[in-house]
Amino acid sequence: MNVLNLYAGVGGNRKLWAGVHVTAVENEPKIAAVYQRLYRDDSVKLANAHDWLLEHFQDYDFIWSSPPCQTHSRMAKATRHALKRYPDMSLYQEIIFLQNYAKCPWIVENVAPYYEPLIKPTKKVGRHLFWSNFDFEAQEVPQPTNFINRCNVAGKLAMQDWLGIHYPENIYYGSNHCPAQILRNCVHPQLGLQIFQAASLFLPR
């Protein structure tokens, strides 16, 4: 089973997948380096995931895409955020593209946004919205208490224990100085496994 894992991060969704070859696409070098250490047999591409999907979608048996959620998140509209940004429409570009061109099982994941989603999601599980071309049942793993505000090293360690993903570096997104942010963006491995197992039922035999 040849799997494409887009916007791979540190691979929360991928952690429990077994018996597959994974191509992971991540454009942040420090994050990609952590991913490669965690999943040594995966093929890690330091590239733009949005472009990679367009150019290589037909090469895979299953596609998982988790486009950046920061411009869609309800936190983006919180009053403490002075920076106002347009929502990143690559999320909806990928959904529309996959709906019309992908022949394999695929799923796009993002957070529940501060606005009414422009395309109705297939499923909502906890804080996640999913769009897919296959049906699945899944349950979110209960999150650590007050995890959204754990913006220090202690919060990073708590999130690592929750996910079962450990690395020593403190990695930050741009000007965001929260070492737990990359971990909060993860899909929990147990949720990723439930969805992966459902997708495998729709593969050609």
Side-chain angles (χ1 to χ4, degrees), residues 5-16 24-39 42 44-50 52 64-92 94 107-115 117 121 124-130 140-193 195:
N5 189 17
L6 296 169
Y7 311 93
V10 293
N13 62 309
R14 181 266 176 273
K15 186 176 188 292
L16 298 179
V25 185
E26 172 56 52
N27 70 346
E28 292 289 342
K30 291 181 180 180
I31 298 175
V34 169
Y35 184 105
Q36 188 68 87
R37 289 205 315 268
L38 293 170
Y39 311 103
D42 288 8
V44 179
K45 307 296 182 181
L46 189 62
N48 182 300
H50 194 59
W52 190 275
W64 182 301
S65 182
S66 289
C69 64
Q70 285 83 352
T71 64
H72 304 280
S73 169
R74 292 168 183 170
M75 290 296 293
K77 196 181 177 185
T79 55
R80 69 181 185 181
H81 288 259
L83 178 63
K84 302 296 187 290
R85 296 178 289 180
Y86 288 118
D88 184 347
M89 289 295 105
S90 61
L91 167 66
Y92 295 105
E94 292 186 11
I107 192 156
V108 176
E109 178 271 336
N110 217 269
V111 298
Y114 67 85
Y115 56 86
K124 183 179 187 297
V125 183
R127 64 191 176 97
H128 304 278
L129 295 186
F130 295 98
E140 175 67 293
V141 179
Q143 300 165 349
T145 303
N146 200 29
F147 89 103
I148 198 67
N149 293 319
R150 293 177 176 233
C151 293
N152 51 30
V153 173
K156 171 200 167 189
L157 295 175
M159 292 298 295
Q160 287 186 325
D161 289 343
W162 181 60
L163 293 165
I165 296 174
H166 296 89
Y167 53 86
E169 302 97 321
N170 289 332
I171 301 175
Y172 308 99
Y173 282 127
S175 60
N176 186 330
H177 293 291
C178 173
Q181 180 66 55
I182 185 175
L183 297 159
R184 285 203 302 270
N185 286 357
C186 287
V187 172
H188 193 279
Q190 289 290 347
L191 178 56
L193 178 62
I195 295 171

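- The backbone N or O of Gly11 sits less than 3.5 Å from a side-chain atom of Tyr39, completing a donor-acceptor pair.
- Here the side chain of Lys156 pairs no donor or acceptor atom with the backbone of Ile171 at under 3.5 angstrom.
- Between Tyr92 and Tyr115, the ring-plane angle classifies as tilted under the 30° and 60° cut-offs.
- Checked by atom type and distance alone, the side chain of Glu26 never pairs as donor or acceptor with a backbone atom of Pro29 at under 3.5 Å.
- Every residue two or more places apart in sequence or in another chain was checked for a side-chain hydrogen bond (donor to acceptor under 3.5 Å, both in side chains) with Asn27, and none qualifies.
- Side chain of Asp42 to backbone of Val44: no donor-acceptor contact under 3.5 angstrom is found.
- Residues Ala49 and Val25 approach most closely at CA-CG1, 3.6 Å, considering heavy atoms.
- Across all non-hydrogen atoms, the minimal contact from Val10 to Leu38 is O-CD1, 3.7 Å.
- In terms of heavy atoms, Gln160 sits closest to Tyr167 at NE2-O, 3.0 Å.
- Closest approach of Asn170 to Pro179, counting heavy atoms only: OD1-CB, 3.8 Å.
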Check step by step if side-chain contact (heavy atoms from CB on, under 4.5 Å) holds for Asp161 and His166. CA-CA 7 Å; Asp161 289 343; His166 296 89; 2.8 Å; yes
Assess whether side-chain contact (heavy atoms from CB on, under 4.5 Å) is satisfied between Trp162 and Val141, documenting all intermediate values. CA-CA 9 Å; Trp162 181 60; Val141 179; 3.8 Å; yes
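- With Gln143 as the fixed residue, the side chain to side chain contact (heavy atoms under 4.5 Å, CB included) test singles out one of Met159, Arg127, His188: Arg127.
- Between Asn48 and His50 the shortest heavy-atom distance is OD1-N, 2.9 Å.
- A donor-acceptor distance shorter than 3.5 angstrom exists from the side chain of Lys124 to the backbone of Gly126, with no hydrogens or angles considered.
- When all heavy atoms of Pro68 and Asn110 are compared, the closest pair comes out as O-ND2, 3.7 Å.
- Using a distance-only test at 3.5 Å, with no hydrogens or angles considered, no donor-acceptor pair links the side chain of Glu109 to the main chain of Trp64.
- The CG atom of Leu183 sits 6.0 Å away from the CG atom of Leu163 when rounded to the nearest 0.5 Å.
- One finds the NZ atom of Lys45 at 13.0 Å from the CG atom of Leu6 (value rounded to the nearest 0.5 Å).
- Once rounded to the nearest 0.5 Å, the distance linking SG of Cys178 with CG of Asn152 reads 7.5 Å.
- A 4.5 Å side-chain heavy-atom check between Asn13 and Ser66 finds every atom pair outside the cut-off.
- A distance-only check finds no donor-acceptor pair linking the side chain of Glu28 to the backbone of Gly9 [under 3.5 Å].
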